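The structure under discussion appears below in the form of structure tokens.
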Amino acid sequence: MAVPWEEYFQLVLEEKLSTKIPEQNTDHIPPVLRLLEKRQELVDADRELQAQKEVFEIRKASLKQRWEQLEQKEQELKGSFIRFEKFLQDAEARRSRALRRAAEERHLVGRREAEALRLRAQLAELQRERARLQRGLQRLKPCARLLGQMLELLPEFQAVPELVERFDGLADMQAALRLTERQRLAELEEARARLQRLRDSWQDELLLQGQRRAHLLERLESARERTLHWESKWIQIQTTAAEKTLLLGRTRMAILNMYQLVCQHQSRPPALDIEDAEGQLEQVKLSILDLSTTLAGLRQAEPTAPTS
């Protein structure tokens with residue numbers, strides 16, 4: 001922690017005063033002389049302190065200047081380091097670009113060499129094709145003379161391409177006619193084979209159809225019998241259903257009559273729906289149980305006859 005300049009000078013002054021006081025007997029010194037001595041000592045100490053302060057200020061200014069020089073050198077070193085880093089980066093970038101350019105050039109050279117080889121091979125192939133075409137041209141020269149003679153004999157054709165086109169059309173038509181003829185012959189052979197197969201298998205087919213007809217007649221007769229059986233069953237079911245419906249209607253009427261009698265006996269109007277046969281039967285059952293309980297109580301209450 002830094003000490004303030006005033007405290008520093010105060011400490012130095014006290015140290016000077018403590019060291020300059022003579023070790024003598026103060027009893028025989030007058031106060032005025034002692035005061036003068038003290039004042040002289042203060043003046044000397046102040047002068048010395050002023051000199052030390054000037055030296056300190058000089059050293060401080062020198063140190064400050066040195067510090068500024070060091071900071072300036074540090075900034076210069078930082079700038080030099082940054083410039084050196086930038087120089088290294090630029091050098092690395094130039095080296096990378098040079099390597100990439102060299103690789104691209106090598107790749108381009110390889111491609112050009114491959115393209116040159118391909119072009120040489122293509123040139124050789126074209127030269128061979130040219131030689132082949134020249135040989136074909138030599139072979140076709142008699143045909144060309146013949147076509148020229150044909151043009152003289154056929155005035156409706158103006159040039160050799162028209163004659164060749166006509167010939168190509170006739171050749172295509174002949175090929176199509178031959179293909180159609182082969183297809184028709186194949187279809188005719190297939191029809192003949194199918195007809196022969198039909199002739200060979202018609203008796204077996206006739207026998208098979210007769211067997212299928214007999215089987216279907218048997219199934220038809222069996223179906224008729226089952227139909228008659230189920231029709232009689234249906235009539236019987238309808239009859240039984242009518243009887244059950246009639247019995248159910250009579251039962252519901254009987255239950256309704258008994259329910260109405262119970263309501264009349266209890267002197268209350270019917271509360272259940274006319275179609276609620278189960279509820280009506282339950283009410284009749286409860287009424288019968290109540291009457292049975294009442295009759296049992298009456299039998300118990302009757303006095304017994306005296307024995308003679």
Side-chain angles (χ1 to χ4, degrees), residues 169-308:
L170 292 174
D172 294 339
M173 185 179 296
Q174 185 181 9
L177 290 174
R178 288 179 180 177
L179 179 61
T180 304
E181 183 181 2
R182 287 196 295 270
Q183 291 177 353
R184 294 294 180 269
L185 289 174
E187 292 175 359
L188 181 59
E189 291 296 328
E190 185 180 358
R192 287 175 180 175
R194 190 165 58 251
L195 178 60
Q196 187 62 37
R197 288 194 300 271
L198 290 174
R199 287 176 178 176
D200 295 338
S201 62
W202 72 273
Q203 291 182 351
D204 297 337
E205 186 68 23
L206 183 61
L207 180 60
L208 180 61
Q209 294 297 330
Q211 293 176 355
R212 290 183 62 188
R213 180 176 177 275
H215 179 65
L216 290 175
L217 288 174
E218 291 177 359
R219 291 181 60 186
L220 178 61
E221 188 65 27
S222 177
R224 286 176 179 174
E225 292 178 358
R226 287 197 302 272
T227 302
L228 293 174
H229 173 71
W230 288 112
E231 284 179 353
S232 62
K233 284 287 187 182
W234 175 247
I235 294 171
Q236 183 179 358
I237 290 170
Q238 286 181 337
T239 305
T240 304
E243 292 176 355
K244 295 294 183 180
T245 303
L246 182 59
L247 178 60
L248 180 61
R250 291 176 180 175
T251 304
R252 293 173 68 87
M253 288 299 296
I255 292 172
L256 180 60
N257 291 332
M258 287 190 294
Y259 175 67
Q260 290 177 352
L261 290 174
V262 168
C263 290
Q264 289 177 2
H265 178 71
Q266 294 178 355
S267 299
R268 60 183 180 83
L272 298 176
D273 187 57
I274 192 171
E275 298 293 334
D276 191 5
E278 295 181 358
Q280 296 171 5
L281 189 60
E282 185 67 24
Q283 293 296 324
V284 172
K285 177 183 177 182
L286 293 175
S287 179
I288 292 172
L289 290 175
D290 291 340
L291 290 175
S292 299
T293 304
T294 304
L295 290 176
L298 291 174
R299 289 194 187 98
Q300 292 178 0
E302 290 179 355
T304 56
T307 57
S308 57

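Residue numbers start at 1 and run along the sequence shown. Note that the coordinates shown come from a computational prediction; the quantities given were computed from them, not determined experimentally.
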Got a sec: does the CD of Q183 have more than 12 other heavy atoms crowding it under 6.0 Å? yes
Quick check for you: to the nearest 0.5 Å, what is the distance between L220 atom CG and E225 atom CD? 10.5 Å
Once rounded to the nearest 0.5 Å, what's the spacing between atom CG of L248 and atom CZ of R250? 11.5 Å
Output the distance between atom OG1 (T239) and atom CH2 (W234), rounded to the nearest 0.5 Å. 10.5 Å
Please determine whether a side-chain nitrogen of the Lys or Arg among E181 and R184 lies less than 4.0 Å from a carboxylate oxygen of the Asp or Glu. no
Q236 vs T240, test: side chain to side chain contact (heavy atoms under 4.5 Å, CB included). Steps then yes/no. CA-CA 6 Å; Q236 183 179 358; T240 304; 4.3 Å; yes
Per the side chain to side chain donor-acceptor pair (under 3.5 Å) rule, what does the pair list look like for residues 208-218, sequence neighbours excluded? E205-Q209
I need the T180 OG1 to E187 CD distance, nearest 0.5 Å. 10.0 Å
Output the distance between atom CD (E221) and atom CZ (R226), rounded to the nearest 0.5 Å. 11.0 Å
Spatial distance of atom CD1 (I288) from atom OG1 (T293) [nearest 0.5 Å]: 11.5 Å
